[in-house]
Amino acid sequence: MLEIQRIRNEKQAIIDGLKKRQIDATQTLEQILVLDTEWRKNKTSLDNIAAESNLLAKEIGDLFKSGKSGEANQLKEKTAVLKTSESELKLKVEELEHQIQGLLYTLPNVPNDLVKNGRDAADNEIVFSHGQGPVFSFVAHPHWDLAKKYNLIDFELGVKVTGAGFPFYRGKGAKLQRALISFFLDEAQHAGYEEFISPHMVNEASGIGTGQLPDKEGQMYYMPADDFYMIPTAEVPLTNIFRDVLLPDPNFSIKMCGYTPCFRREAGSYGKDVRGLNRLHQFDKVEIVRIENPQNTAVALEEMMEHVKGLLIKLGLEFRILRLCGGDMGFASAMTYDFEVYSAAQEKWLEVSSVSRFDTFQSNRLKLRFKDADKRSQLAHTLNGSALALPRIVAALLENYQTGNQIIIPEVLQPYTGFDTIS
RNA sequence: GGUGGGAUGGGUGAGAGGCUGAAACCAACAGUUUGCUAAACUGUCGUACGGGUAACUGUACCGCGGGUUCGAAUCCCGCUCCCACCGCCA
């Protein structure tokens, strides 16, 4: 959520920024400012009336104590008038707050200066690429065929037990899954991230804190009996650790990581994009999350990207990094880099990581602040990234490391899997 | 699921209609003393929002939401959460 202060001070900059998302916020912002002026006016009168009745109440108390109940009762009549206008104003102020809040919720984050104006994925910029995919001398199979051939993943069983998008991993497929999780977590720990095992369900306040609620609730699985939501990513529980937190010192850098399954309803997805592991309702992911002083955000983002790069290089996958254009970025993000690995058999790029900075957009909702050098409260910055999401990594590993009669396990994973080939 | 107890500032914890934005203690911060450390002493020390260049100032907040009252941390109603014991269960 954007800060009202920022809207008051930099309206035009926000309008210009949101244009990169193909959004014209002029009207909304002007509406907000009108309501805000109105709110401040009413708030001031409300405060003044409250001050007056506080004073009267004190006088009345003093009069009663010194036995002048006649005068006291006279004053009481005066307070009756104040009371009615006080409650009217209070309603007005609350109503205005709701209206402003409602409008603020509709505004996405303002893109960083580096973010390009654009409509969709076609306008994203490739900022880095690395590696070279395999060249096959045989007919390369897509991962869903390989998974079946080597009995690694059973999609049909998942359909039977739960539904589409909830696969079973079995045998070496399951072991590979566990190996990747351990590898990613170990790498994150070496990079200084503290590991957490978090709840897989969160309450409503947490959903609002990181921006999934109120607008995107259709994307999450909901448990009405207890009013819980299944987490769509570890970002939600990890970042919400810091909801309503005021860090006492400006020198902080909080680095967390965690493995969780992620649950996404993916309403509206269909077609070849959802084939096999490409899009699931439940998948595994190791997430890295950082809470930073605004001064360190740029460096932190850089470090996170280097971390993810390192993982992909160690796995020996061809990949590229995209800086998303305004139109393709998530609602809460100020800047996002997507990592895509090349799937040689499907002949397409698969998104395996998304690293974003949110600046104060989440912390404003979370009320996540720190005391700066002048002892003033300031909103902290939040960042997060996948490091990494498993299914498409598995897809790419199977497809790129197939030899025709077996699948090679990359060397870095072998200590974790305990085997070096799948056949 | 049953029964009972609780929720006050960073922590412990008083307060039981006006003298309480809140005692006291601890922690923290600044200073004095000190060869250094420790100790002692002095002072500062909640958050949010509004107004003001600022010093400052107004309002709100004692789990949350209502109510009674001229006046509520304190009384009444509803809710949430926490703790303890019992039952059940991994």
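Chain identifiers are assigned alphabetically (A, B, ...) following the order of the sequence lines, protein sequences preceding nucleic acid strands; residue numbering begins at 1 within each chain. Quantities reported herein were computed from a predicted structural model and do not represent experimental measurements.
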Looking at residues at least two apart in the chain, or sitting in another chain, which of them share a ring-ring contact (aromatic ring centres under 6.0 Å, His included) with A:Phe358? none
Enumerate the residue pairs fulfilling side chain to side chain donor-acceptor pair (under 3.5 Å) with a member in residues 357-366 of chain A, sequence neighbours excluded, ordered by first and then second residue. A:Glu3-A:Thr360, A:Glu235-A:Gln362, A:Arg357-A:Asp359, A:Gln362-A:Thr382
Given Watson-Crick and G-U pairs under 3.5 Å, RNA chain B in dot-bracket ([ ] crossing, | other strand) is ((((((((.[[[..)..(.....]]].(((((.......))))).((((((....)))))).[[[[[..)....]]]]])))))))....
Between A:Lys309 and A:Glu306, is there a salt bridge with N-O shorter than 4.0 Å? yes
Would you classify A:Arg369 as touching base, sugar-phosphate or nothing, given that sugar-phosphate means primed atoms plus P, OP1 and OP2, and contacts are heavy atoms under 4.0 Å? sugar-phosphate
Please list, by residue number, the residues of residues 33-54 of chain A whose heavy atoms come closer than 4.0 Å to an atom of RNA chain B; answer none if no residue qualifies. A:Trp39, A:Arg40, A:Lys43, A:Thr44, A:Asp47, A:Ala50, A:Ala51, A:Asn54
Can you confirm whether more than 12 heavy atoms, excluding those of A:Arg119, are under 6.0 Å from its CZ atom? no
Between A:Gly61 and A:Arg8, who's closer to the 5' end of RNA chain B by nearest nucleotide? A:Gly61
Contacts satisfying ring-ring contact (aromatic ring centres under 6.0 Å, His included) that involve residues 276-304 of chain A (not counting sequence neighbours) are A:Phe166-A:His281
Distance check, P atoms only: B:rG52 and B:rG58, in whole angstrom units. 16 Å
Distance check, C1' atoms only: B:rA24 and B:rU8, in whole angstrom units. 14 Å
B:rG43 to B:rU47 separation - C1' atoms, rounded to the nearest Å: 23 Å
The residue, A:Lys58 or A:Gln5, whose nearest nucleotide of RNA chain B is more 5′ is A:Lys58
With A:Asn203 via side chain to side chain donor-acceptor pair (under 3.5 Å) - residues at least two apart: A:Ser206
Boundaries of the chain A footprint along RNA chain B (any atom under 4.0 Å from a heavy atom): B:rG18 to B:rG71
C1' gap between B:rG65 and B:rA60, integer Å: 16 Å
Where at least one partner belongs to residues 239-261 of chain A, residue pairs that pass salt bridge (Lys or Arg N to Asp or Glu O under 4.0 Å), sequence neighbours excluded: none
Under 3.5 Å donor-acceptor pairs involving side-chain atoms of residues 324-333 of chain A, not counting sequence neighbours:
from     : atom 1 : to       : atom 2 : distance (Å)
A:Asp328 : OD2    : A:Asn124 : ND2    : 3.0
A:Ser333 : OG     : A:Met335 : N      : 3.1
A:Ser333 : OG     : A:Met335 : O      : 3.2
A:Ser333 : OG     : A:Thr336 : OG1    : 2.6

If the P atom of B:rG10 is compared with that of B:rG46, how far apart are they to the nearest Å? 9 Å
Salt bridge (Lys or Arg N to Asp or Glu O under 4.0 Å) contacts touching residues 170-197 of chain A (sequence neighbours left out): A:Asp154-A:Arg170, A:Glu187-A:Lys314
Can you sort out the partners of A:Asp284 under salt bridge (charged side-chain N to carboxylate O under 4.0 Å, His left out), two or more places apart, ordered by chain and number? none
Say you pick atom P in B:rU68 and the same atom in B:rA73; how far apart are they, in whole Å? 16 Å
Distance check, P atoms only: B:rG63 and B:rC56, in whole angstrom units. 30 Å
What's the gap between B:rG21 and B:rG15 when it is taken at their C1' atoms, as a whole Å value? 13 Å
Residues pairing under ring-ring contact (aromatic ring centres under 6.0 Å, His included) where one sits in residues 190-210 of chain A, two or more places apart or in two chains, turn out to be A:Tyr193-A:His307
